[in-house]
Amino acid sequence: MLGRLTIDALPFYSWVAMGGAAVTVLGALAVMAVITWLGAWRYLWREWLTSVDHKRIGIMYIVLALVMLLRGFVDAIMMRAQQAVALNSQGYLPADHFDQIFSSHGTIMIFFVAMPFMSGLMNLIIPLQIGARDVSFPYMNSLSLWLNAAGAALVLVSLVIGKFSTAGWSAYPPYSGIEYSPGVGVDYWSFAVLISGVGSTMTGINFIATIFKKRAPGMTLMRMPLFTWTVLTSSVLVVFAFPALTVSAALLEMDRMLGMHFFTNADGGNMMMFANLFWIWGHPEVYILILPAFGVFSHVVTTFSGKRLFGYTSLVYATTAIGILSFIVWLHHFFTMGSSANVNAFFGIMTMIIAVPTGVKVFDWLFTMYRGRIEFHSPMLWTLGFMATFVIGGMSGVLLALPPVDYLMHNTTFLVAHFHNMIIPGVLFGYLAGYQFWFPKAFGFRLNEQWGKRSFWCWIIGFYLAFMPLYVLGLLGMPRRMEHYTIAEWQPHLIVAAVGACVILLGILCLAVQLIVSIRQRDQARDLSGDPWLGRTLEWSTSSPPPVYNFAIIPRVDERDAFQEMKENGIAYERPDKYEDIYLPKNSPVGIIVGGFAFMFGFAMVWHIWWLAIACALVIVMALMVLSSEDDNEYCLTAKEVEQIENARYRDLAKAPRIILPESEEIVPGAPIQGTVR
């Protein structure tokens with residue numbers, strides 16, 4: 001009845017695994033206990049878990065990303081600690097457990113930290129930035145969130161019941177085949193990736209439709225903010241790339257469960273087909289993640305330099321060029337696997353060429369800052385840290401684009417350092433900059449600057465300590481994924497790397513302290529104007545947090561920096577002659593129901609509990625049928641109710657403090673603004 005599930009599935013094989021399982025279970029119980037103590041279950045269900053408001057969905061995505069960041073970083077610090085002490089010894093981790101840790105670390109950080117963080121910022125900002133009231137498909141948006149959460153839950157439950165994959169985050173056959181991985185670990189990986197991948201694909205479809213069909217009147221493509229452009233390009237990449245990942249994971253499971261031979265050498269299979277399918281998704285995925293971060297940097301630079309963005313058109317073309325080129329570089333991930341010299345040469349040249357539009361972006365940001373009035377708030381520090389650090393990763397990437405060099409470095413820690421050099425400054429710094437930048441828009445008060453800056457300095461110092469030694473170790477010939485070693489020359493570098501991981505941990509703790517301190521001091525940091533940074537785009541033209549309808553009257557866009565132009569023309573805060581009724585989608589429990597049963601379906605498939613898998617699949621189909629047949633799915637916010645909300649907003653604007661600029665110009669939020677704002 002329970003398939004392969006027995007008492008032996010509990011993590012008795014290692015005291016470390018038992019400790020991790022206990023922390024996971026106790027942490028979940030503690031959260032539920034606090035919610036129960038506060039009596040907040042009904043509020044959470046009504047206002048958050050069943051919400052289809054894009055802003056709340058965005059916030060829940062970011063919460064998921066931050067929780068999984070902490071979980072994924074635990075793996076990282078465990079690996080670094082193991083390698084620091086494992087000279088001529090087995091260290092404190094069994095080899096099998098170490099293999100699980102590096103597999104789950106990569107899986108969590110890419111699929112369940114970076115992707116949800118990106119989706120969260122997209123959901124929070126894009127409709128506001130294009131002058132829309134919501135995304136095109138709000139119910140699909142809810143489904144996407146909960147499918148991503150279901151995938152993350154599958155990874156977390158693998159800590160407690162069974163084991164995670166030991167085949168790496170990329171799950172290459174034959175390591176991931178049934179012969180070499182007969183347990184449930186690869187199945188956990190496959191179904192977590194399959195379920196979350198479906199959710200991510202729906203997100204891409206949703207935002208392509210939203211950006212093309214929901215833009216405010218007058219907002220042509222070349223008037224769109226840069227963040228919107230990068231999200232559009234990223235969403236197109238998602239729609240084309242994620243099906244390859246879904247197919248590769250599904251075919252792998254068919255090999256494992258049904259005895260097929262898509263990726264085995266027997267009966268006509270070819271394991272290289274998995275590598276091609278995986279990296280046809282995997283390399284565009286790097287740009288899926290990094291392009292929205294580039295959009296964040298563009299907004300941060302222009303806002304905190306007090307200038308228009310330099311080279312807007314070149315940035316747009318560079319973004320689209322990166323999107324196109326990202327699909328013709330995937331083979332550099334397996335230069336060592338026997339392709340011809342001509343094929344390797346082509347992909348090496350394409351890999352070097354893709355560095356050109358990225359370089360264009362960096363120079364445009366530098367020229368934007370040139371002779372600007374730069375303010376060193378936390379988001380700007382993350383941006384400057386990115387620019388200083390990302391260039392190193394880019395140069396190492398161009399070096400690895402040479403097939404002979406890659407042949408030497410491919411299986412060393414040099415590659416580990418390069419990959420993290422791209423993802424941490426390029427993606428995570430960008431999303432943390434966006435988190436700091438748009439937090440007051442989401443919640444109505446600023447984050448504490450002191451703790452934000454402390455977090456940044458811990459991250460940047462910790463990054464250099466953690467990963468620069470890995471470049472050196474790669475040049476010394478240390479293979480990646482080693483849980484113990486016998487070469488004493490390596491240990492000092494690994495100890496420094498472990499210290500760096502501890503410093504990054506301090507940075508994560510500073511982020512947590514920053515949030516707690518900011519909540520406690522929120523009355524002093526309240527944003528009554530809706531425009532705490534003197535922003536240039538439409539999201540800053542609404543209150544903080546925005547009302548459920550975003551805009552009482554959809555704005556008209558005549559220039560690229562729409563809100564900036566409104567302020568200069570003195571029409572930014574003009575009230576309309578009258579308000580109109582606004583129709584909005586009702587909350588729905590279907591998203592969380594489908595997500596919950598998708599998690600149970602994945603769990604049942606992992607353990608071969610066939611009756612439960614069939615039952616969950618039927619419930620999911622029925623829930624989707626109910627959702628698609630629901631006619632009464634909107635409610636009306638009357639013009640009178642809209643006017644009451646807007647009246648409260650204008651009362652807050654009247655209380656907002658005056659902003660004194662260096663040139664002694666005075667700006668009164670809530671009143672028409674004349675002249676140049678910045």
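When side chains are defined from C-beta on, Ile487 counts as touching Trp490, because their heavy atoms get closer than 4.5 Å. Put simply, the side chain of Met478 reaches to within 4.5 Å of the side chain of Leu494, judged on heavy atoms. With a 4.5 Å cut-off on side-chain heavy atoms, Met352 and Leu402 count as touching. No side-chain heavy atom of Phe262 sits less than 4.5 Å from a side-chain heavy atom of Leu252. Considering only heavy atoms from C-beta on, Leu251 stays 4.5 Å or farther from Asp255 through its side chain. Taking the side chain as every heavy atom from C-beta outward, Met605 and Ser190 never approach each other to under 4.5 Å. Between Val296 and Trp438, the closest side-chain pair of non-hydrogen atoms falls below 4.5 Å.
Scanning all heavy atoms of the two residues, the minimum distance from Gly474 to Thr413 falls at N-OG1, 2.9 Å. Annotation for Pro379 and Phe304: closest pair CB-CE1, 3.9 Å, computed over non-hydrogen atoms. Shown here for His105 and Asp75, the closest heavy-atom pair between the two residues is N-OD2, 3.5 Å. Nearest heavy atoms, Leu511 versus Ser455: CG-OG, 3.2 Å. When every heavy atom of Tyr435 is checked against every heavy atom of Gln514, the shortest pair comes out as CE2-OE1, 4.4 Å. Looking at every heavy atom in both residues, Lys453 comes nearest to Ser378 through N-OG, 3.7 Å.
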Using side chain to side chain contact (heavy atoms under 4.5 Å, CB included), reason through Phe414 and Leu475 one step at a time and then give a plain yes or no.
CA-CA 7 Å; Phe414 189 95; Leu475 294 172; 4.2 Å; yes
Go through it in stages, so that I can follow the logic: the residues are Val606 and Phe603, the test is side chain to side chain contact (heavy atoms under 4.5 Å, CB included), and I'd like the CA-CA distance, side-chain angles, deciding distance and then a yes or no.
CA-CA 5 Å; Val606 166; Phe603 184 82; 5.7 Å; no
Passes side chain to side chain contact (heavy atoms under 4.5 Å, CB included), Glu285 versus Met115? Steps please.
CA-CA 9 Å; Glu285 168 69 0; Met115 285 299 295; 3.3 Å; yes
Is there a salt bridge (Lys or Arg N to Asp or Glu O under 4.0 Å) between Asp187 and Arg4? Walk through the geometry before answering.
CA-CA 12 Å; Asp187 302 314; Arg4 297 188 284 178; 3.1 Å; yes
Between Tyr61 and Leu145, does the side chain to side chain contact (heavy atoms under 4.5 Å, CB included) criterion hold? Intermediate values first, please.
CA-CA 7 Å; Tyr61 263 122; Leu145 165 68; 3.8 Å; yes
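Checking side-chain atoms of Ser196 against main-chain N and O of Gly151 turns up no donor-acceptor pair under 3.5 Å. Checked by atom type and distance alone, the side chain of Asn448 never pairs as donor or acceptor with a backbone atom of Val517 at under 3.5 Å. A distance-only check finds no donor-acceptor pair linking the side chain of Gln83 to the backbone of Glu483 [under 3.5 Å].
The aromatic rings of Trp281 and Phe111 lie parallel to each other, with less than 30° between the two planes, well short of the 60° mark. Using a 30° and 60° split on the angle between ring planes, His420 and Phe467 fall in the parallel class, below 30°. In this pair, Phe98 and Phe102 present their aromatic rings perpendicular. The plane angle is above 60°, beyond the 30 to 60° band.
Checked by atom type, the side-chain pair Ser298/Lys361 shows no donor-acceptor distance below 3.5 Å.
Between Asp99 and Arg481, no side-chain nitrogen of the basic residue sits less than 4.0 Å from a carboxylate oxygen of the acidic one, so the salt-bridge criterion is not met.
Under a cut-off of 6.0 angstrom, the local environment of CH2 in Trp169 is crowded, with over 12 non-hydrogen atoms contributed by other residues, nucleotides or ligands. Atom OH of Tyr485 has more than 12 neighbouring heavy atoms from other residues, nucleotides or ligands inside a 6.0 Å radius.
Between Phe274 and the choices Phe263, Phe334, Tyr175, the ring pair (Phe, Tyr, Trp, His ring centres under 6.0 Å) rule is met once, by Phe263.
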